[in-house]
Amino acid sequence: MNYFQLFQLPEKFDLDLTELGSRYLRLQKQFHPDQHAAGSERDKLLAVQHTANINDAYHSLKQPLLRAEHLLALRGLKISQEQRSFTDPAFLMQQMELREQLADIEHSDDADAVIVNIEQLLQQQKKQLQQQLATALDAVSHEQDQLAAELIRKLKFFYKLEQELELIEQQLQD
Amino acid sequence: MALLQIAEPGQSAAPHQHKLAAGIDLGTTNSLVATVRSGEANTLKNTEGRDMLPSVVRYSAEGVTVGDAAMQAADNDAENTIVSVKRLMGKGYSETLALNDKVPYRLVDQQGLVAIDTALGVKNPVEVSAEILATLANTASETLGGELNGVVITVPAYFDDAQRQATKDAAKLAGLTVLRLLNEPTAAALAYGLDSGQEGVIAVYDLGGGTFDISILRLRRGVFEVLATGGDSALGGDDFDHALVSWMQQQAGVSNLSHQQMRQYLTLARSVKEQLSATDTVNFSLPGTQQQAELSRAEFNQLISPLVKKTSRACRQVLRDAGLTAADIATVVMVGGSTRVPLVRSEVAAFFGSEPLTSIDPDKVVALGAAIQANVLVGNKAEADTLLLDVIPLSLGLETMGGLTEKIIPRNTVIPVARAQEFTTFKDGQTAMALHVVQGERELVENCRSLARFELRGIPPMPAGGAHIRVTFQVDADGLLSVSAQEKSTGVQANIQVKPSYGLSDDQVADMLKGSMQYARQDMQQRLLREQQVEAERVLEAVGQALKADAALLSAAEFANIEQALAQLAKIKQGDDTAAIKAAIEHTNTLTDDFAARRMDQSIRQALKGHNVDEV
């Protein structure tokens with residue numbers, strides 16, 4: 001299913017999120033099961049299926065990473081379920097260093113400051129990769145799509161680090 | 001006499017028929033029913049002039065009594081008087097062992113599920129709840145002068161799949177049509193939101209008799225969006241009472257209480273708790289002793305403080321889930337009788353940094369919100385101007401190797417939702433596969449709630465890894481899970497056998513229906529016939545309206561075919577052949593599948609055309 005088509009939005013990475021949100025709500029108002037609660041069993045079932053699709057589409061387009069994956073999938077490049085190992089040693093080295101920094105947080109004197117520092121670093125890296133990703137996806141060529149897939153894989157590492165950082169922050173708070 | 005009737009496409013020219021709908025708050029301690037009349041939601045009073053029905057059912061040799069009458073007998077016949085049954089909904093017997101010495105009645109094992117042994121035999125929580133629902137529905141029918149077309153029943157947002165399903169089963173057993181299971185906090189927000197036109201992010205703090213919910217919602221232009229929800233499905237005012245009883249036992253120097261003494265202590269504890277909301281100290285005599293005791297509010301606060309602190313922790317978690325801080329919350333709404341306790345109010349005010357809203361009676365606000373939604377869902381408003389976007393409260397996952405869970409649908413995902421997962425066979429010629437679905441946030445399966453075990457059968461025999469089975473988990477707007485499976489390469493629909501871990505199978509519900517007192521006299525066949533007739537009416541109305549609105553989407557031949565099918569369905573509906581009506585409905589549905597798809601495409605185009613961003 002083409003999620004861009006569902007919302008009748010141009011098929012590109014750079015998406016107007018406000019417009020997406022407004023279209024999402026308009027479709028929800030039309031198809032939500034609440035609009036069909038007094039309808040026939042078939043209508044109710046269809047309403048659940050349609051809304052589940054609309055929700056899934058919105059969820060996938062809203063997040064940059066999922067949006068990029070969906071774009072690539074539409075171009076015939078599926079990466080969401082693949083298991084591939086990395087071949088970029090510099091990148092892996094950087095990841096290992098970041099991981100060590102996360103592990104050291106609990107032993108540091110000013111944990112909050114360290115967390116803020118790492119957070120900023122992650123944000124910065126993410127932003128950079130996302131910009132590269134946008135450019136690669138805009139090119140619509142086979143090579144650039146391959147590059148985009150590589151960038152998505154890298155971004156996933158950063159999202160994961162971000163989650164772990166959040167977890168550490170929570171544990172410190174509790 | 002009107003010579004000409006002009007109707008907008010899609011709208012029926014017939015005068016608008018007002019349908020009877022009610023909202024039901026099925027509470028741990030008290031239950032209420034409310035309805036919208038002349039645009040205003042009100043709770044309905046029973047013949048004794050009371051709108052709060054104690055959620056108490058007594059099974060004595062003389063028969064079943066519900067509400068106040070049952071409650072009055074509670075002290076003398078505690079073993080046959082079921083209170084706080086909501087805590088037992090959707091629970092396994094082994095899960096409720098800890099409750100056994102807290103409740104004055106006898107819990108027994110009914111095929112793994114918890115049930116209660118009474119003078120009228122073993123009753124399960126679904127049956128007990130059905131009695132409460134039937135009583136409320138009766139109050140509504142009598143007041144409104146007709147059978148209810150449908151009801152909205154509220155459940156704690158934190159209820160898992162088994163607890164929701166049990167609630168829906170109870171409604172079915174009571175003979176009610178459920179329009180929607182609505183989360184209690186959402187209902188409360190609905191009651192407040194429509195009344196005062198709130199905008200912004202609100203928190204609903206709902207501390208009832210047995211459950212605690214905290215939900216964060218965003219309200220804007222009629223859209224209620226649940227951002228996150230959390231809480232504790234086994235924490236409430238009852239626990240305050242039990243904490244007080246423990247303290248009283250210490251004072252009285254008694255360690256073991258009979259069921260009847262327990263009842264007396266609980267009644268006393270509740271009364272002391274309520275008095276302490278208004279006064280600083282309470283004097284009372286301890287049941288079964290000559291001793292007097294005195295308790296101050298400060299001492300009481302100390303007793304319940306750990307419980308109230310537990311709610312603050314849940315508030316912190318839910319804010320985190322929503323990606324917000326306490327400062328982002330514009331309004332805090334208080335729901336549930338236990339929010340009358342001064343310590344609760346002061347803790348909530350301190351946590352969110354603002355005085356919580358209490359202008360609508362915290363005992364009634366949920367029922368009122370449910371009534372508002374019931375009125376919309378039953379079709380009394382031409383077009384619903386509100387949209388509720390609710391979420392799944394607990395993650396759904398599957399058991400994988402080594403007893404670990406793999407999350408399929410994370411908590412706080414907007415519902416309805418469908419997610420598919422692919423599985424492959426690991427043996428040559430394998431034709432069956434077992435799946436274990438759990439609900440919860442923990443890594444280990446044993447720490448999550450087991451929902452159901454599924455067995456996929458009829459997988460076409462292939463070499464190991466050859467068959468790819470796509471299993472789809474769907475959660476509907478009531479928060480209920482259904483599962484379907486398909487083998488991808490052959491398209492064979494795998495047969496799924498569901499074994500709910502803590503629920504009743506469809507057959508068990510049907511058996512209970514047959515066996516229940518309510519339908520003993522009523523012919524089961526009649527009931528099934530009536531159900532099919534109602535469904536036929538719905539199909540006739542829906543397709544009829546679709547034909548009026550979108551005839552342009554059909555060729556002349558298609559149009560004629562559908563009209564013919566409708567005429568036939570209308571004719572068969574008059575008869576008493578249940579199977580024939582069912583077949584005619586299915587025939588109509590198949591015949592209109594394409595039409596429905598075309599209408600869907602057209603509505604998408606229309607919905608996305610000619611609006612600007614601000615209008616939504």
Side-chain angles (χ1 to χ4, degrees), chain A residues 1-9 16-60 62-63 66 78 80-81 162-163 166-167 169-174, chain B residues 19 21 149-150 152 179-180 221-223 313 316-317 320 373-374 376-379 383-389 413-419 422 474-478 535-543 585 588-589 592-593 596-597 600 603-609 611-616:
Chain A
M1 184 176 204
N2 186 326
Y3 296 149
F4 293 95
Q5 250 169 36
L6 176 68
F7 290 106
Q8 301 190 1
L9 287 166
D16 180 348
L17 288 180
T18 321
E19 182 60 26
L20 173 70
S22 118
R23 281 167 187 246
Y24 166 69
L25 289 180
R26 264 185 254 152
L27 288 185
Q28 277 281 6
K29 278 198 172 171
Q30 192 94 21
F31 296 106
H32 195 275
D34 283 357
Q35 312 288 356
H36 305 274
S40 68
E41 291 301 319
R42 202 254 314 250
D43 287 352
K44 283 195 251 187
L45 195 69
L46 283 178
V48 170
Q49 286 168 354
H50 289 334
T51 330
N53 265 339
I54 294 165
N55 278 332
D56 207 25
Y58 179 58
H59 175 78
S60 301
K62 201 173 51 173
Q63 291 167 299
L66 292 176
K78 267 200 184 285
S80 50
Q81 299 199 336
E162 221 172 37
Q163 273 173 9
E166 216 167 284
L167 217 64
E169 206 177 342
Q170 270 179 37
Q171 278 160 0
L172 286 175
Q173 268 172 24
D174 291 338
Chain B
K19 291 187 174 147
N149 291 92
V152 166
L179 296 165
R180 180 76 65 243
R221 298 188 205 102
V223 180
R313 272 203 293 279
R316 239 193 316 277
Q317 176 62 44
R320 219 177 265 147
Q373 188 64 0
V376 171
L377 296 185
V378 83
E383 203 173 303
D385 39 15
T386 53
L387 175 65
L388 298 190
L389 298 179
T413 301
V414 179
I415 53 174
V417 61
R419 293 276 154 84
E422 256 175 54
Q474 183 173 282
V475 179
D476 66 15
D478 291 326
E535 176 62 12
E537 280 161 24
R538 289 203 184 111
V539 171
L540 284 170
E541 195 184 322
V543 179
I585 291 173
T588 311
N589 282 346
T592 53
D593 269 346
M600 154 100 180
S603 336
I604 292 181
R605 280 198 303 277
Q606 277 168 356
L608 296 181
K609 195 175 67 183
H611 284 269
N612 66 49
V613 183
D614 300 329
E615 263 181 80
V616 176

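Just so it is clear: chains get the letters A, B, ... in the order the sequence lines come, proteins before strands, and each one is counted from 1. Quick caveat: nothing in here was measured; it's all calculated off a predicted structure.
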L46(A) portion near chain B, given a 4.5 angstrom heavy-atom threshold = side chain
Not counting sequence neighbours, which residues clear salt bridge (Lys or Arg N to Asp or Glu O under 4.0 Å) with E166(A)? List them please.
-> none
When every non-hydrogen atom of N55(A) is compared with those of P416(B), the smallest separation belongs to ND2-O, 2.7 Å
With a 4.5 angstrom heavy-atom cut-off, could you sort out which part of T413(B) is near chain A: side chain, backbone, both or neither?
-> neither
Heavy-atom distances under 4.5 Å only: say whether E541(B) touches chain A with side chain, backbone, both or neither.
-> neither
Step by step, work out the salt bridge (Lys or Arg N to Asp or Glu O under 4.0 Å) result for K44(A) and D476(B).
-> CA-CA 10 Å; K44(A) 283 195 251 187; D476(B) 66 15; over 6 Å; no
How far apart are the closest heavy atoms of R538(B) and A38(A), and which atoms are they?
-> CD-O, 3.2 Å
Against chain A, label R313(B) side chain, backbone, both or neither, depending on which of its atoms sit under 4.5 Å from a heavy atom there.
-> neither
Heavy-atom distances under 4.5 Å only: say whether H36(A) touches chain B with side chain, backbone, both or neither.
-> neither
What's the spacing between N589(B) CG and D43(A) CG if we round to 0.5 Å?
-> 8.0 Å
May I ask you to name which of Q474(B), E537(B), K19(B), M600(B) has the most heavy-atom pairs under 4.5 Å with chain A?
-> M600(B)
Residue part contacting chain B, namely of F31(A), when any heavy atom lies under 4.5 Å | side chain
Heavy-atom contact with chain A under 4.5 Å, split by part of A596(B) = side chain
Is there a side-chain contact between I604(B) and F7(A) (heavy atoms, below 4.5 Å)?
-> no
Rounded distance [0.5 Å steps], CG in L608(B) versus CD in Q8(A) = 5.0 Å
Worked verdict on D34(A) versus Q373(B) for side chain to side chain donor-acceptor pair (under 3.5 Å) | CA-CA 9 Å; D34(A) 283 357; Q373(B) 188 64 0; 3.1 Å; yes
Closest-packed option against chain A by number of heavy-atom pairs under 4.5 Å, given L389(B), N149(B), V475(B) | L389(B)
Short question: side chain of H32(A), backbone of L387(B) - any donor-acceptor pair under 3.5 Å?
-> no
Would D56(A) and R419(B) pass as an ion pair if we require N to O under 4.0 Å?
-> yes
Test Q30(A) against Q606(B) for side chain to side chain contact (heavy atoms under 4.5 Å, CB included), laying out the working first.
-> CA-CA 10 Å; Q30(A) 192 94 21; Q606(B) 277 168 356; 5.5 Å; no
Identify which part of I415(B) has an atom lying under 4.5 Å from any heavy atom of chain A, answering side chain, backbone, both or neither.
-> backbone
Any donor-acceptor pair under 3.5 Å linking the side chain of E535(B) with the backbone of E41(A)?
-> yes
Top residue by heavy-atom pair count (under 4.5 Å) with chain A, among V417(B), V414(B), V539(B)?
-> V414(B)
Rounded to the nearest 0.5 Å, the OG atom of S603(B) sits from the NE2 atom of H50(A) at a distance of 8.0 Å
Any side-chain donor-acceptor pair under 3.5 Å between R42(A) and T592(B)?
-> yes
